Structure formats: structure tokens, C-alpha cells
Amino acid sequence: MDASFEPYGRLLRMLMPSLRGIVVHDGFSNLVWASDEWDLAAEPEIVKDAISNALADTADFAGVMRMPDADRVVYSFAVRGEHIDLLGVVSLIGQLSGKQSDARPLKYVQQLVQPALECLRRELSLRSQLGTREHDLGGRERDLSLMLEMSSQRSASASDADEFDLILKTGLEHMNCALAALWVPDKNIELSLTRSGQPMSPDSLKRAQQHLLAWMQLQQRTIVVNRISKVASDGAAPYKILACPVRHPSERVMGVLALFNPPSAQDFDSHQTRIAELLAKKATLIIQAQYDSSTGLMTRHAFERQATVLLASEGAPHVHCVLYLDIDRLHVINETFGMHVGDDVIASVAECMAKTLPRGALSARISGDRLAALIPHLGMEAAAAVAENIRAAIAAIVPRAGQGSFEVSASLGVAPIGRSDNALAHALATAEIACKAAKDRGRNRVEVFQDSDQSIIRRHTDILVIGKLRDALENDSFRLDAQPILPLRGNYGRPRFELLIRMLGDRGEIIPPGKFLSAAERYQLMPTIDRWVVRRACGLLGKHSESVGEEIARFAINLSGQSLQDESFLEYVIDQIKATKLPPNVLCFELTETATIGNLAKAQHFMRTLQDLGCQFALDDFGTGVSSLAYLKDLSVNYLKIDGSFVRDALANTRSESMIKAIAQLAKVMCMETIAEYVETDNLRARMADLGVDYGQGFAMGKSQPLEDLLKELAIYEATVSIWEIPAEAAAKALQSSG
């Protein structure tokens, strides 16, 4: 027995000397303390009767009087706390003998011992508060242990889906529930788990899900249902329910974690409620970590993790597809109406995709305005149909009031997921290629990846090459070759060379421009490559400036349209020429007709500035543009390079032959010289000369060789000019042998 109650026993005996015994019970009839003379152990009904009366009578120190036999009387008094909670019952056993044959009235005894009861009330109240705190502390320690246990299991978890499963299992095991469910419609999360470890059919829980979500969004708080007012025949399942909100970062309720128990189970108590709320917060944190806050779709990292787990869990090979979506012209919306409108468009597009995808699909925001989805167990034709439905839904988006008037569209690519070590990454890459092809072909359309599609194959190759290209730029793994451009007629003209860039492979092998320039253009790396060529060419030619003087040779450098758009590129070229002390008249810059006309004003400024220094310019691929002649009068070029498509079939196609002749005559009138590309045979060389072309370039004129080797042998050209006086065919062979 607790000795701390002894003083209260002595106080009661002082107030009532005839007491035979004293006993104290808590509000649940559990014995707290009793004096040595206590003799009611064999009569528990007296204590239960006293507690029942105390629960019925809420008066202060409400009491009852009982006489178990002729010489004993028992007075029992309820001791209540501040909120009329029953703290306990104090029973006093009186002796009836001798002079006192009649029991004293209950009211009299109550007034007599009230000072001691007041003291006992304070003692029991303090003990109750201390016990509650100890209970709470114990509960919180158990909650902390539970969370630590979940965290340790989470470290071994393969995916976020496993974490949701762990939350449901924890709810079942630690609260001994029959069913646990997690519903977050915005995230396409519909999970349930029974004690047997099996989920329930989503359809069987649909009504409960709808009711609880509506109720939760209305109440905005945890809901506990321990009293069932309806039976199953009325349409409501007879379950006790503990439901906690799963909240969005904005604090709105976006889902619910629900635990169910049959009516025969114990009521959900405050401790279980606290655990459920902790589990709901855990689910909220997982969702915040794995879902993009503005679109509601998964982050790329979460998408790749869950997709990898899904693909790894499949036994026999299955057909899965990936969708890749890119919003068309979003930058125009951002620049015209503001970034906040663009963000609304991204969110609307994401909502369209999430609503249209079939159940079980995974969707993510890859980056910016690019979204992706994995559709399991669906073939290419069916996946393309889903993509088309998504495209149509996006095209129907209407801007919100006040955002202006604009149309929203998206391009989508569809690709299958193969069976390889990195199947998901490869499928995403191929789906992105198909998406880019959709943009190339007019936007607002769906393209399916096909191995036979040359445009898609080109993009696929570019993706594979771009990494190697960036490494080559970082490690300076390039080389310049020089291909001769020689006179076709007579004995005039000095030798010219076009500088051609070559990329060096891992084993030192040569990778021609056709293998990497497409990727460089697609990924905006041409200005970087052009800078490397200019820097390298000026550096090497500058070291041999005496051998490459005006009367010896001229070297042509190709420039891209992207470099013309670069505001700092012109200054960079001038700085390189000056830094290497290279005579500017040694250089000739080649610009394609398409790039020049597409950047006409910048091209004119670029040409005039460098021509003032002494450089020359050639217009490459001339004749392929639809407005070649119209723009030629506005361009101050020195050479026209006739496109190789005309040269190749000049012997068999009279129209190509006529085009070449017309270009040659036009150039003479405009004081320009002409160069024929792809002069591959002696017959072509002779025919180009007959048509009035001035220079030829191709295998029949001379093969390319490393620029460094050419510069070492340039003395051959400097030593004598007689080489240009021999027949052109012999001169070409001499150049080939020297190369």
C-alpha cells in the first residue's frame, strides 16, 4: 500500500474516532489504499454500488450509506476533480456497538469528514494529472519508437509506393484494425490493406471513399466514429472509423487515411488517434517529396524510382509504353502574358494528362514544360490513342478570365519500353525523339517512334553523339583538315583550301563532321565549335604567316547561322586574328545561303566588318534557296559555291547543267568567282570548266589532309609557280601525291 495516504487516514480518525477502517478506490473500482483494519475485501459489491451512485449523482462529495451487518456501517463519498471527473471513492467503515447502536446520518458524517475529503481531493487530482502525463509520455515514447521503426524500414524501402504500404501495415498492426485505406484522388492514389495482407477491391470501397473525402473536406479535421447509427441494410457499412486528413502544402485537405474496425472491437481512443495523425502526416511528407507542387505530378526522381520498381517486378515480358509531352510555344505565352500565366498552362496541361491516363499509369513532370507518363500493359497502338486523347483535351483548354486570348497545344511522342539494362532511360529518350519529330512536323500532334523513320533516326543518333561531342569540346579532341580548291581553267589563281573539322574518337579514330554536326546544331553547340575552329586555324596559320602570305594560299572557314546570332562572335574573330598576327587576307569565311538570308542584317554587318580588315566571303550551297537571286544583290560576297546536288548530276541532268551555267554567268557579271563542290571525277572537272566555273573542290581536285601537315609542306607551293602552268589534271595529281 502507498504509505503517503497514512496522514489522511489519521486525519479522518481525528475527525471521526469511531472509524474501524478506511479504503480509497479510483474511479474504476481499483484499490488505491486501505488501512490495516479494512475488512471489505470479501464484499466488492459495496464498492461497485458506491461508484455507481457516484456516477449517477454529480453533487460535491455525493455519498451513500450501507450496513453490511448489525455492527458495521459503511459511508462512501465520491471525490471529483475540477471538471466533475470522478477521481475516486473514499469508504469509511464505522463500528456500531455499546453506546452507539444507531448509525449516524450520512449528511452528518459528510459534514464531519469534509475537511479530510478536500485534502484527499487535492491528492487524488495531483496523482491523476501525474498519471495522465506519465501515460501521455509513455504513449509518446511508443509513438517515437513507432516512427523510428518506420524510418529504419524506410531506408530499405525500394520505392515510395512501399512507404505507403508500410503506413497501412503500421496502422493495422499497431491499432489492431481490420482495414486501412489511403485515398488521394489528385495523385491517383487508391490503396487499401486488410489484416490478411490483401487489398480490397476499389469498387467495394468507392462509396466509403466518396463519403469520407466529402466529410473530411467539410470538417477539415480528424474524425472518429465509435457509435454506429446505421446498419448495413441502410446502405452504410457497420464499421467504427478513424479518419485523418492528408493535406496539401496549402493546408487544404487533398486525401484521407482511414482505419476501420467492426462494431465488436474496442473504441478508437486518443492514443490511436494520435498514431493515425502521425501516419497521415507521414503520408503527406511522402507525397510532398515525390510530387511536383505546382502540377501534382510526380517528380522525375520519384517517377524513375517507381517505374524501375514496376518494370523489375514484372515476371514474363510485358508490353509497356512511355509518353513524352512538350507544350508548344510556351515561351511565347510567358513573354506575352507573363510567367504566372505560363505556370497556369503547365498545371492545366498536367491536369488533362492525369485525368486522361488509364488507371495504373505513372505520370511525372520531367522538367519545365515537359511531362512524361508510363502506361503499363498497353501496346503502341492503344498508347498512341491515349496520347491523342490527351492532345485533344489540351487543345480544348480555355484560358482563365483575365489571362488574354491564346491557344494551348502540345506535341507528344510515344515509344515502347524494351528489355534492356536501362530500359526506362532508353524509352524516355526515344519518346522524346518522337516528340521532337512531332514538333518538326507542325506541332499539336502525336508521333510514334519507328525505327524506319529517318528524321527520328537522326534525332536518336544526335542524342547518342551529344555526350561524346561535349567531352571532345572539353578535352580539345578535334583536328583541322584542309581540302584543296583548285582552278579549273587556265593558269591563274592561287591555291585555296577549305578547313574541315574532324572529331577524334576514344581510340584516336577520325569521326567526320556528318556524324556530329547535326547534334551540335540541334543542341546549340555550333558557336562553341566555330570558336574552336577560328581559334585553332588562326593559331596554326599565324605560326606560318610568312608561308601563307597573300600570294601563296587562302583558307576558308565555315561558320554557322547560330554563330551569326551570337552578338560576341564577331569580336571574338577579330581578337583571334589580331592576337595571332595573321594577315586577314589569308582568311575566307563561308556562310551557307540559308543561314545568311535567315540573318540578313547581321550577316551584312559581319561581312562588311571583316571585309574591311581584308577577309573574303563565300556563299555556300548556293542555288538551293528559294530566293537566291533576290538576296544576292544585298550581299557583298567574293565567291559563290555551287551546291553539290547540281554538280553531281550535271552530266545526266540538263536542268542542273543549265543552273550551273547560269550561276557562273551571273557571278561574272557581279564580279564574283564560282566554286563547284563535289567534283569527284575527271569528266565532272572538265564539264565544270566548260560551263564557266572558276574553281573545283572534290576528290578529282585533291584529297584533304591534316592542316598541320599541309603547313609543313607549303613550301612546295611557295617554291615555284610553274605547278599552275601544267595541265590541271597533272596539277591535281601532284597535289594528291603531296597530300
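Note that this is a predicted model, so its numbers are computed, not measured.
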(request) Could you tell me which non-hydrogen atom of M298 sits nearest to which non-hydrogen atom of Q306, and how far apart they are? (result) CE-OE1, 3.5 Å

(message) Applying side-chain contact (heavy atoms from CB on, under 4.5 Å), can you list everything that pairs with A425, at least two apart in sequence or on another chain?
(response) N422

(message) Can you confirm whether Q266 is buried at CD, in the sense that more than 12 heavy atoms of other residues, nucleotides or ligands lie under 6.0 Å from that atom?
(response) no

(request) Please step through salt bridge (Lys or Arg N to Asp or Glu O under 4.0 Å) for the pair D476 and R536, ending with a clear verdict. (result) CA-CA 10 Å; D476 210 29; R536 184 66 171 169; 5.4 Å; no

(message) Show me the pairs that pass salt bridge (charged side-chain N to carboxylate O under 4.0 Å, His left out) and involve residues 366-392, at least two apart or across chains.
(response) D326-R370, E388-R391

(request) Check side-chain contact (heavy atoms from CB on, under 4.5 Å) between N334 and all other residues, then give those that pass, not counting sequence neighbours. (result) L330, M339

(message) Among L323, V349, I366, exactly one meets side-chain contact (heavy atoms from CB on, under 4.5 Å) together with L371. Which residue is that?
(response) V349

(request) Assess whether atom NZ of K206 is packed by more than 12 heavy atoms of other residues, nucleotides or ligands within 6.0 Å. (result) yes

(message) Quick one about R531 and S568 (side-chain donor to acceptor, distance below 3.5 Å, no hydrogens or angles considered), yes or no?
(response) yes

(message) Under the rule for side-chain hydrogen bond (donor to acceptor under 3.5 Å, both in side chains), what residues qualify as partners of D506, not counting sequence neighbours?
(response) none

(request) Count the heavy atoms of every other residue, nucleotide or ligand shown that sit under 6.0 Å from CZ of R329, and state whether that count exceeds 12. (result) no

(request) Return the minimal non-hydrogen interatomic distance between A276 and C244, and the atom names on each side. (result) CB-SG, 3.5 Å

(request) Taking ring pair (Phe, Tyr, Trp, His ring centres under 6.0 Å) as the test, write out the residues that go with W215, two or more places apart. (result) none

(message) I'd like to know whether CD of Q217 has more than 12 heavy-atom contacts from other residues, nucleotides or ligands below 6.0 angstrom.
(response) yes

(message) I need the C435 SG to E447 CD distance, nearest 0.5 Å.
(response) 10.0 Å

(message) The criterion is side-chain hydrogen bond (donor to acceptor under 3.5 Å, both in side chains); which residues satisfy it with E521, sequence neighbours excluded?
(response) none

(message) On a heavy-atom basis, which atom in G413 and which in A434 lie closest, and how many Å separate them?
(response) CA-CB, 3.8 Å

(request) Using ring pair (Phe, Tyr, Trp, His ring centres under 6.0 Å) as the criterion, list what pairs up with F406, not counting sequence neighbours. (result) F337

(message) Using the side-chain hydrogen bond (donor to acceptor under 3.5 Å, both in side chains) criterion, which residues pair with R443? Sequence neighbours excluded.
(response) none

(message) Salt bridge or not between E474 and R470? Use side-chain N to carboxylate O under 4.0 Å.
(response) no

(message) Working note: T273 + T222, criterion side-chain contact (heavy atoms from CB on, under 4.5 Å); need CA distance, chi angles, decisive distance, verdict.
(response) CA-CA 8 Å; T273 302; T222 298; 3.8 Å; yes

(request) If a pair satisfies salt bridge (charged side-chain N to carboxylate O under 4.0 Å, His left out) and one of its residues is in residues 357-366, list it, with sequence neighbours excluded. (result) E190-R359, D292-R365

(request) For S409, enumerate each residue passing the side-chain hydrogen bond (donor to acceptor under 3.5 Å, both in side chains) test, keeping only those at least two apart in sequence or located in another chain. (result) D328

(request) Kindly write out the residues that satisfy ring pair (Phe, Tyr, Trp, His ring centres under 6.0 Å) with F569, not counting sequence neighbours, or none if the list is empty. (result) none

(request) Grab the two heavy atoms, one from K240 and one from N226, that are nearest each other, plus how far apart they are. (result) CE-O, 3.5 Å

(request) Please list, chain by chain and in numerical order, all residues satisfying side-chain contact (heavy atoms from CB on, under 4.5 Å) with I511, sequence neighbours excluded. (result) M503, K515, F516

